[in-house]
Amino acid sequence: TVGNKSFSIISKYKFPFYHFYAIILIIFMSLYFLRVLKVAHYMKLAFIIAVIWVIIGILNCIFFQPLNTLNLNTILLSNFLVILMALYSLYKIMLDDSIVSLIRYPHFWFWTLFLILWSGTFFFWIYIEMLSKSNKNYLNFAQYFQAIINVLVYFGLGLTFLFYPKFKNT
């Protein structure tokens with residue numbers, strides 16, 4: 001099946017791509033997080049976050065997970081931080097009295113969908129790590145379940161962009 005073939009590819013080559021992806025992901029998500037929350041000097045803060053994450057990525061490659069292994073430490077840490085950012089953003093959105101309707105506020109939908117996606121992804125990586133060591137029978141189920149979550153979330157993001165072609169400050 002497709003799931004077994006994709007996992008065998010991941011197992012065979014160990015994708016050094018994930019070492020860079022997790023760092024780039026958290027940098028861009030942090031930039032969006034700081035921008036949406038209207039943090040003063042958000043570009044300076046984003047630069048500091050980028051430097052810290054590059055250092056974390058390099059240290060992880062040197063001491064814990066070299067480029068020829070799956071970078072689970074940084075992936076899980078970045079997923080956890082995106083979940084925290086989503087929860088905090090949703091909290092701040094709920095407290096904002098200037099937002100009349102949450103359903104019409106696009107950042108509410110973005111952060112809700114990010115929360116769903118990255119919670120599922122966080123669970124997926126932990127589940128895959130455990131299944132790859134113990135019981136590979138349920139591996140296809142986990143991969144299909146993650147694919148369904150991805151399709152639904154990206155469909156929701158597409159609808160959000162479709163219905164809100166021009167963002168308004170609310």
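The first residue of the sequence shown is numbered 1, and numbering continues consecutively from there.
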Do the two ring centres, one from His107 and one from Tyr32, sit under 6.0 Å apart? yes
Value for OH (Tyr154) from CG (Leu159), rounded to nearest 0.5 Å, stands at 15.0 Å
Looking only at heavy atoms, what is the nearest atom pair of Gly120 and Ile149, with distance? CA-CD1, 4.2 Å
Hey, are the side chains of Tyr21 and Ile24 touching, using non-hydrogen atoms and a 4.5 Å cut-off? no
Minimal non-hydrogen separation, Val153 against Leu117, with atom names: CG1-CB, 3.8 Å
Quick check: is Met94 connected to Leu84 through a chain of hydrophobic side chains (ILVMFWY, heavy atoms under 4.5 Å apart)? yes
Should the pair Phe33 and Trp111 be assigned to parallel (<30°), tilted (30 to 60°) or perpendicular (>60°) ring geometry? perpendicular
Testing Asn71, Thr121, Ile126 one by one against Leu76 for a side chain to side chain contact (heavy atoms under 4.5 Å, CB included), which residue passes? Ile126
Closest heavy-atom pair and its distance - Asn79, Trp125: ND2-CD1, 3.7 Å
Can you tell me how far apart CD1 (Ile27) and CZ (Phe47) are? Round to the nearest 0.5 Å. 10.0 Å
I'd like to check Leu34 versus Ile49 (side-chain heavy atoms, cut-off strictly below 4.5 Å). Are they in contact? yes
Hits for ring pair (Phe, Tyr, Trp, His ring centres under 6.0 Å) against Phe123, two or more places apart or cross-chain, chain-then-number order -> Tyr127
Are Val51 and Val54 connected in the hydrophobic side-chain network, where two residues link if heavy atoms are under 4.5 Å apart? yes
Does atom CZ of Phe145 have more than 12 heavy-atom neighbours, drawn from other residues, nucleotides or ligands, at distances under 6.0 Å? no
With a 4.5 Å cut-off on side-chain heavy atoms, are Val100 and Tyr105 touching? no
Does Ile52 reach the side chain of Ile48, with side-chain heavy atoms less than 4.5 Å apart? yes
Same cluster or not: Ile148 versus Ile116, using hydrophobic residues (I, L, V, M, F, W, Y) connected whenever any side-chain heavy atoms lie under 4.5 Å apart? no
I need the Ile23 CD1 to Cys61 SG distance, nearest 0.5 Å. 6.5 Å
Could you measure the distance from the CG atom of Leu157 to the CG atom of Asn150? Nearest 0.5 Å is fine. 10.5 Å
Closest non-hydrogen atom pair, Phe124 against Gln146: CB-OE1, 3.3 Å
When you compare the side chain of Leu37 with that of Tyr88, does any pair of heavy atoms fall below 4.5 Å? yes
Nearest heavy-atom contact between Thr74 and Ala22 is CG2-CB, 3.7 Å
Are Leu31 and Met43 side-chain neighbours, meaning at least one heavy-atom pair lies under 4.5 Å? yes
With side chains defined as the heavy atoms from C-beta onward, is the minimum distance between Trp118 and Leu25 less than 4.5 Å? yes
Phe108 versus Leu102, closest heavy-atom pair with distance: CD2-O, 3.5 Å
Quick check: is Val151 connected to Leu113 through a chain of hydrophobic side chains (ILVMFWY, heavy atoms under 4.5 Å apart)? no
Has Trp109 got a side-chain atom pairing as donor or acceptor with Ile103's backbone, closer than 3.5 angstrom? yes
How many angstroms lie between CG in Leu81 and OG in Ser30, if you round to the nearest 0.5 Å? 7.5 Å
Hey, what do you get for NE2 (His19) to CG (Asn60), rounding to the nearest 0.5 Å? 7.0 Å
Qualifying residue for side chain to side chain contact (heavy atoms under 4.5 Å, CB included) with Met85, from Leu115, Ile26, Val36: Ile26
